[in-house]
Structure formats: structure tokens, C-alpha cells
Amino acid sequence: MKKQIEDLVYSALQQLASQGLIPAETLTRPKIDRTKDSSHGDFATNAALVLAKPAGRNPRELAQALVGALPASKLVEKCEIAGPGFINFTLTQDAYHELIPQILQQGHGFGRSDLGAGRKVQVEYVSANPTGPLHVGHGRGAAYGSVVADLLEAVGYQVHREYYVNDAGRQMDILATSVWLRYLELCDATLTFPANGYKGDYVWDIAATLHRDHGEAYRHDAAEVFDGVPADEPAGGDKEAHIDGLIGQAKKLLGDNRYRFVFELGLNAILDDIRDDLSLFGVRYDEWYSERSLTESGAVNRVIERLRSGGYLYEKEGALWFRSTDFGDDLDRVVVRENGQTTYFASDIAYHLDKLERGFDRVIDIWGADHHGYVPRVKAALSALGNQAEKLDVLLVQFAILYRNGAKVQMSTRSGEFVTLRELRKEVGADAARFFYVMRKCEQHMDFDLDLAKSQSSDNPVYYVQYAHARICSVLQQAAEQQIVIESDPRAVDYHCLNEAHEQALMTRLAKYPEILELSALNEEPHQLTHYLRDLATDFHTYYNAHKFLIEDEALRNARLQLILATRQVLRNGLGLLGVSAPDKM
RNA sequence: GCGCCCGUAGCUCAGUUGGAUAGAGUACAGCCCUCCGAAGGCUGGGGUCACAGGUUCAAAUCCUGUCGGGCGCGCCA
């Protein structure tokens with residue numbers, strides 16, 4: 001509907017421009033807004049106000065000319081000039097009455113569009129290190145990323161969902177070493193677990209699997225393992241040097257094959273857990289992309305060569321640096337360490353280059369806000385490699401701060417004190433958790449009250465929306481029990497009897513759905529959709545309390561039932577995009 | 001110190017990209033089931049849009065500065 005009004009105004013503007021009333025160079029698509037106040041009609045444009053200055057005319061006078069130039073339309077009941085020069089449009093009843101059968105015929109497709117025209121967009125989200133189970137912080141990125149992907153698909157983009165698996169690097173070595181040390185403890189060794197090791201119970205579980213399946217095949221004496229390793233921090237040493245020493249011992253004593261086996265065991269156990277967890281959270285991927293594969297295929301070395309031959313690298317203090325400051329970063333960044341190993345950043349350059357070479361028109365990374373300082377260096381690298389940095393958008397999701405008993409919950413993966421996503425899901429359900437996570441825009445810090453979320457009370461807005469859906473289903477169930485036949489062809493129903501203010505409000509809300517979908521998809525703002533669904537549910541609940549649907553008057557009954565059927569369809573469509581179920585009964 | 005995000009009702013948050021009288025939920029007070037599900041509806045109070053300037057027909061929204069909160073500033077990932 002909005003688009004049609006926009007077309008009308010644009011055509012009027014073109015006419016004014018051809019008459020010389022407004023300068024031709026100011027001719028653009030007009031801005032059309034929904035009105036806040038129904039006394040202002042359905043839509044309004046500020047075109048006359050904006051153009052008054054360049055045209056050198058009084059805004060109301062210009063508005064008058066604009067209204068005069070509007071083509072006739074059966075959509076528009078009337079248009080009025082108001083206030084300083086707004087033009088308000090009131091739609092005809094017929095415009096709304098056509099909407100109901102339109103919704104019911106399009107069904108699942110109602111609200112969807114082809115704005116994206118099949119352009120390829122990649123969305124990468126979560127990508128948490130496989131060093132432990134996902135925690136509630138990752139949950140926000142998971143819910144947000146998957147909904148953004150679904151929304152983009154709904155408006156016509158071809159979406160590729162991807163998880164970048166950080167299966168290389170020091171953190172993974174720390175995990176493998178942690179597993180091995182726990183295994184040694186299961187072999188009755190007495191040792192002091194490193195301060196910097198992973199201490200969660202899941203490490204014990206993986207160690208237990210190793211011990212159960214392979215007995216003492218990986219056993220070495222603790223004294224031998226800790227021989228020559230620098231002291232740990234609690235013992236007055238350096239925890240980083242201590243853990244690095246232990247990693248070195250693990251590699252040396254186990255040898256390549258056995259070390260690799262422990263490493264893979266840990267990685268796969270955790271990755272399987274993450275996959276399973278996300279899948280149960282309704283989060284799916286088209287691809288799990290391995291960081292290690294970039295090293296093994298030589299892609300990392302190739303990208304370093306490209307940067308070197310472009311003259312973007314230099315040596316300093318034994319390391320190889322990328323001149324990211326040439327592209328707006330604060331500092332230059334190391335790509336090859338003094339010890340000859342490439343950095344995580346080097347892999348990430350190769351990874352992002354690969355994304356662009358795979359032919360995506362747009363690449364969206366969804367990161368935790370704590371990584372924001374990382375954005376300029378990745379963009380810098382892409383600029384150095386060929387000016388495609390603008391295809392990359394990094395969306396930063398702010399932290400969800402957890403509260404329990406009114407106090408902040410401290411989280412640390414290392415100490416093992418964290419609430420897992422799995423735990424959250426089990427306690428509040430995937431529906432409530434997902435809805436809750438995307439209810440706020442991503443750049444907003446979020447207070448996540450665990451007690452409230454766990455309470456399963458009606459305070460959680462997801463129940464309110466789901467209840468509207470269940471209530472409609474219940475009405476239809478009642479109709480069936482009363483042997484009431486519902487007209488099966490929505491086009492055969494006359495909607496002119498829908499004269500109540502509540503009915504008009506509901507129809508207006510339904511008409512807005514495609515606009516909301518477009519807005520939330522193009523701006524990556526799922527919260528617009530959650531707010532809309534709440535409003536739609538309110539409109540329905542209000543209507544339900546004010547009027548009966550299963551009434552004697554057959555014509556009115558049929559019209560009302562079609563209206564609530566259309567409402568149910570839009571509730572389903574919206575909840576579906578959020579990955580939240582629409583239950584028939586609760 | 002520098003950079004990014006945030007500051008709107010007691011609390012948690014929206015605010016259609018600069019529009020008309022700043023809105024929801026929650027909490028609090030009162031009312032509504034012989035009636036399709038009360039997990040609901042209706043009514044009410046509650047605001048210096050952090051503060052100070054600036055830009056213009058118009059600012060919660062844009063610019064500058066100040067204050068307050070969060071996060072980041074590794075040859076970790």
C-alpha cells in the first residue's frame with residue numbers, strides 16, 4: 001500500500017517539475033510515512049515541506065499544487081493538507097477489504113518480497129571458539145544472526161549461513177593439553193592443574209572418554225610432564241609461560257600422532273556439542289568453515305605473499321607487520337610472529353578474501369561487541385587487497401548482562417562458572433529465549449534477568465503473542481464443535497459489514513506487516529518484528545474482548561472469521577521468521 | 001589517554017532514519033467472566049528525552065562540547 005501511495009506522489013512531483021514549479025534536480029522518491037494519529041488518515045508525506053525552500057514557495061501553496069497533480073486512484077478516499085504543509089491520505093475501505101483475501105491466498109508468502117532480487121549475501125554468526133560449550137552470551141548472536149538471515153531471505157536475498165570454526169591456534173592447544181592433564185589425573189596422577197587451563201566439567205568428560213576407550217595408552221608420569229616447565233602464577237611464576245611449557249611437553253611426550261588424536265578428540269566432542277545445541281535452538285548453517293583448512297590449503301601463505309608483493313608488509317623485531325595504519329587503523333598489525341607462526345589475523349584476512357572470492361554481493365559478520373577494535377584491521381586488509389571493503393558489514397552485538405537474584409552473574413569460560421545456552425534453553429525453552437534475545441536492537445546493551453526468564457510467567461511477551469494465536473485456533477475449534485461452516489473462499493465474503501473501530505485497527509495493523517518485514521530485514525532489526533507482533537496480538541485481544549465472532553448473523557460472522565483467520569496467518573508468518581513456534585493450544 | 005556502543009516514565013525498552021500532542025510492557029490503584037480460553041480487556045497517575053550550546057519551517061533524532069555507564073586498545077583467538 002505504501003508503495004502505491006509513493007508512486008502516486010512521485011508521479012505528481014514529476015508533473016510539477018515538468019511545469020517548472022519545482023526544480024527538476026530536486027526530484028526524488030517522496031518520503032511516505034504511516035501516521036501516528038488516525039485523525040491524520042493512513043499515510044502522510046512531507047514532500048511539500050521539503051521542497052518549499054528549493055522551489056521558493058510557501059509549503060501549503062506547494063502542497064495544494066501537489067494535490068491537484070495527483071492521479072486518480074481507487075485506493076485513496078481523500079487527501080488533505082494539514083499543519084505546516086503535510087499531505088494526509090485516507091485510504092478507501094475497499095483497499096482494506098481486498099487485503100483479507102490477499103493474506104489468506106498468499107498464506108506463508110504474505111509479506112515476503114523480492115527486493116533483494118536474488119543477490120547473494122553471506123551471514124556469518126556465532127563462530128565461537130570450539131574450546132567449550134556455548135554460553136548465554138553466544139545465544140544472543142545465534143538468535144540475532146539466524147533471524148537476520150531468515151529476514152533477508154524473506155525479502156528476496158539468496159542467503160548463505162556460515163560458522164567459522166577456529167580449529168587452529170593456541171587456544172585449541174590449551175584445550176588439548178587441558179584434556180590430557182585431566183586424563184592423567186584419571187590415571188591417578190597427582191598434579192596441580194594450570195591456572196590458565198580449561199577447568200569446565202566438559203573437559204573431564206572428554207578425558208574420561210579417552211581413558212575409557214584407550215586405557216593408559218597416553219599416560220606419562222606427572223614428574224616427567226612438569227619437568228622443566230616454568231612455574232605457574234600461583235607459585236610465583238607466569239601462567240602464560242607455564243601453559244606454553246605444558247603444551248610443549250604434551251607435543252613432545254605424546255608425539256605428533258598421539259597429540260593430534262587428543263586434539264581432535266577434544267575439538268570434535270565440543271564441535272558436536274555446539275552443532276547439536278544450535279540445532280535444538282533452531283539455528284542452522286549451510287556451511288561450517290574450518291580455519292585450519294586455510295593454512296593447509298596454503299591460502300594463508302598466498303594472502304601474505306599478495307600483501308608482501310603489494311608492498312604492505314615490513315619486518316620489525318623479527319616479526320612481519322601489515323601496514324594497516326595506511327588504511328585507517330590505529331596500529332600496524334602482526335601477520336607472522338617472531339617464531340614464524342602466522343597469526344589469527346592472517347587467517348582471518350585469508351578467510352575474508354575467500355568470502356569475497358566466492359562471489360557474495362554482500363558479506364555480513366555478526367560479532368560480539370568486544371571485538372569491535374578488530375573491524376578496522378580486517379577492512380584495512382580487504383582495502384589493500386582490492387577495494388572491496390565496502391562489501392563487508394560487521395554487525396556488533398552488545399553483551400547480554402545476566403542477572404540472578406538481582407545481582408550480575410560473573411562469567412568466565414576458564415573457571416567454568418557460566419550458564420550454558422543448553423541450560424538456558426532447557427529452563428526457559430527455545431521459544432522464549434529466542435524471542436527475548438531479539439527483542440532489542442543489537443547495539444543496545446541487554447539486561448537478561450534469568451529469574452524472570454526462568455519463571456515461565458506471562459511477563460514474557462512471547463506467551464502473549466502465542467496466546468493470541470492459540471486463542472484464534474480455539475475460536476475455530478469452537479466453531480467446528482457448533483457445526484458452523486466457515487466460508488472457504490475468502491473472495492466470496494462481503495467485508496463491508498466490518499465497521500467497528502477495532503476491526504479497522506486490526507486491518508490497518510495487518511496491512512502494515514509487509515512494511516515491517518522490509519524495514520526489519522533491510523536494517524537488520526528483528527526487534528521491529530517482535531514489537532509489531534506484540535501490537536498485532538494486542539489489537540486482536542482487544543477485539544476479542546469487545547466483540548463476539550460466533551454470532552447468528554451469518555454475513556458478519558463470515559467476515560469476522562476471515563479477519564481473524566488472516567490475523568492468525570500473519571502471527572504465524574511473523575513468529576516463523578523469529579524461529580518461534582505458533583501453538584494451537586497452550 | 002584514544003576508539004566503539006549506550007543514556008527516553010520507578011524498572012526494562014520502542015520511537016517509521018528530521019515531522020504533527022514522546023509511546024509500549026512491567027510495577028502500582030480501580031473495574032470487567034450466566035458470554036468464542038481472564039496467559040485476556042478497560043480506566044488512571046507517572047517525563048527537564050543525561051546536561052549545555054548550535055544547525056532549520058521543524059530536533060529525543062543531525063553537529064560540537066561536558067558528565068555518567070559498558071566494552072576494547074596482545075607477536076591470544
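Worth saying up front: this structure is predicted, and the values here are computed from it rather than measured. Residue numbers start from 1 in every chain, and the chains themselves are labelled A, B, ... in the order their sequence lines are given, proteins ahead of strands.
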Touch class at under 4.0 angstrom, heavy-atom based, for [X] against every strand present:
| X | answer |
| --- | --- |
| Arg440(A) | sugar-phosphate |
| His502(A) | nothing |
| Tyr544(A) | base |
| Ala479(A) | nothing |
| Tyr374(A) | base |

Which one is paired to [N], where only Watson-Crick or G-U wobble pairs with both distances under 3.5 angstrom count?
| N | result |
| --- | --- |
| C13(B) | G23(B) |
| C28(B) | G44(B) |
| A38(B) | none |
| G72(B) | C2(B) |
| U55(B) | none |
| A60(B) | none |
| U66(B) | A50(B) |

Note to self: Both Asp167(A) and Thr35(A) contact RNA chain B. Taking the nearest nucleotide for each, which residue is further toward the 5' end?
What the structure shows: Thr35(A)
Item checked: 5' priority, RNA chain B, between Glu525(A) and Ala470(A) [closest heavy atom] -> Glu525(A)
Notebook entry, point to check: Sub-3.5 Å donor-acceptor pair from the side chain of Gln466(A) to the main-chain atoms of Ser581(A), do we have one?
Noted result: yes
Note to self: Whether the side chain of Asp365(A) engages the backbone of Val394(A) through a donor-acceptor N/O pair (distance < 3.5 Å, no angle test) should be reported.
What the structure shows: no
Assess whether one donor atom and one acceptor atom, taken from the side chain of [X] and the base of [N], lie less than 3.5 Å apart.
| X | N | result |
| --- | --- | --- |
| His445(A) | C5(B) | yes |
| Asn88(A) | A20(B) | yes |
| Asp330(A) | G3(B) | no |
| His372(A) | G3(B) | yes |

Using the side-chain heavy atoms of [X], tell me which of these nucleotides is nearest: [options].
| X | options | result |
| --- | --- | --- |
| Asp370(A) | A77(B), G19(B), C71(B) | C71(B) |
| Lys441(A) | C6(B), G19(B), A14(B) | A14(B) |
| Lys31(A) | C36(B), C73(B), U17(B) | U17(B) |
| Asp33(A) | A77(B), G40(B), U17(B) | U17(B) |
| Val50(A) | G41(B), C35(B), G19(B) | G19(B) |
| Glu317(A) | G41(B), C75(B), A77(B) | C75(B) |
| Trp321(A) | C5(B), C4(B), C75(B) | C75(B) |
| Asp37(A) | U21(B), C36(B), A38(B) | U21(B) |
| Lys36(A) | G37(B), G41(B), U16(B) | U16(B) |
| Phe86(A) | G40(B), G19(B), C76(B) | G19(B) |

Send over the distance from [X] [atom1] to [N] [atom2], rounded to a whole Å.
| X | N | atom1 | atom2 | value |
| --- | --- | --- | --- | --- |
| Gln398(A) | C5(B) | CD | C1' | 5 Å |
| Phe263(A) | A77(B) | CZ | C1' | 12 Å |
| Glu291(A) | C76(B) | CD | C1' | 12 Å |
| Leu331(A) | C75(B) | CG | C1' | 13 Å |
| Asp535(A) | G23(B) | CG | C1' | 10 Å |
| Asn46(A) | U16(B) | CG | P | 13 Å |
| Glu80(A) | A20(B) | CD | C1' | 14 Å |
| Arg140(A) | G70(B) | CZ | C1' | 12 Å |

Pick the [atom1] atom in [N] and in [M], then give their distance to the nearest Å.
| N | M | atom1 | result |
| --- | --- | --- | --- |
| C13(B) | U8(B) | P | 9 Å |
| C6(B) | G18(B) | P | 15 Å |
| A52(B) | U17(B) | P | 27 Å |
| C75(B) | C11(B) | P | 42 Å |
| C57(B) | G68(B) | P | 36 Å |

Just N and O in the side chain of [X]: are any of them under 4.0 Å from OP1 or OP2 of [N]?
| X | N | result |
| --- | --- | --- |
| Thr542(A) | G40(B) | no |
| Gln444(A) | A14(B) | yes |
| His527(A) | G15(B) | yes |
| Gln528(A) | G15(B) | yes |
| Arg337(A) | C76(B) | yes |
| Arg471(A) | A38(B) | yes |
| Tyr543(A) | C42(B) | no |

Can you find a side-chain donor-acceptor pair between [X] and [Y] that sits under 3.5 Å?
| X | Y | answer |
| --- | --- | --- |
| Gln171(A) | Tyr344(A) | no |
| Arg471(A) | His541(A) | yes |
| Gln504(A) | Thr508(A) | yes |

Check: Think Arg333(A) forms a cation-pi with Phe322(A), using NZ or CZ under 6.0 Å from the six-ring centre and within 45 degrees of its axis?
Finding: no
Check: Is Arg557(A) positioned over the aromatic face of Phe549(A), cation under 6.0 angstrom from the ring centre and no more than 45 degrees off axis?
Finding: no
Check: Under the side-chain hydrogen bond (donor to acceptor under 3.5 Å, both in side chains) criterion, do Thr90(A) and Asp42(A) qualify, and how do the steps go?
Finding: CA-CA 5 Å; Thr90(A) 304; Asp42(A) 296 292; 5.1 Å; no
Note to self: Under 5.5 Å centre to centre and under 30° between planes: does that hold for His40(A) and the six-membered base ring of A20(B)?
What the structure shows: yes
Next item on the list: Write out all pairs satisfying salt bridge (charged side-chain N to carboxylate O under 4.0 Å, His left out) with one or both partners inside residues 507-533 of chain A, taking only residues at least two apart or from two chains.
Entry: Arg34(A)-Glu515(A), Arg362(A)-Glu524(A), Arg509(A)-Asp535(A), Arg509(A)-Asp539(A)
Note to self: Please enumerate all residues that pass salt bridge (charged side-chain N to carboxylate O under 4.0 Å, His left out) together with Asp354(A), with sequence neighbours excluded.
What the structure shows: Arg358(A)
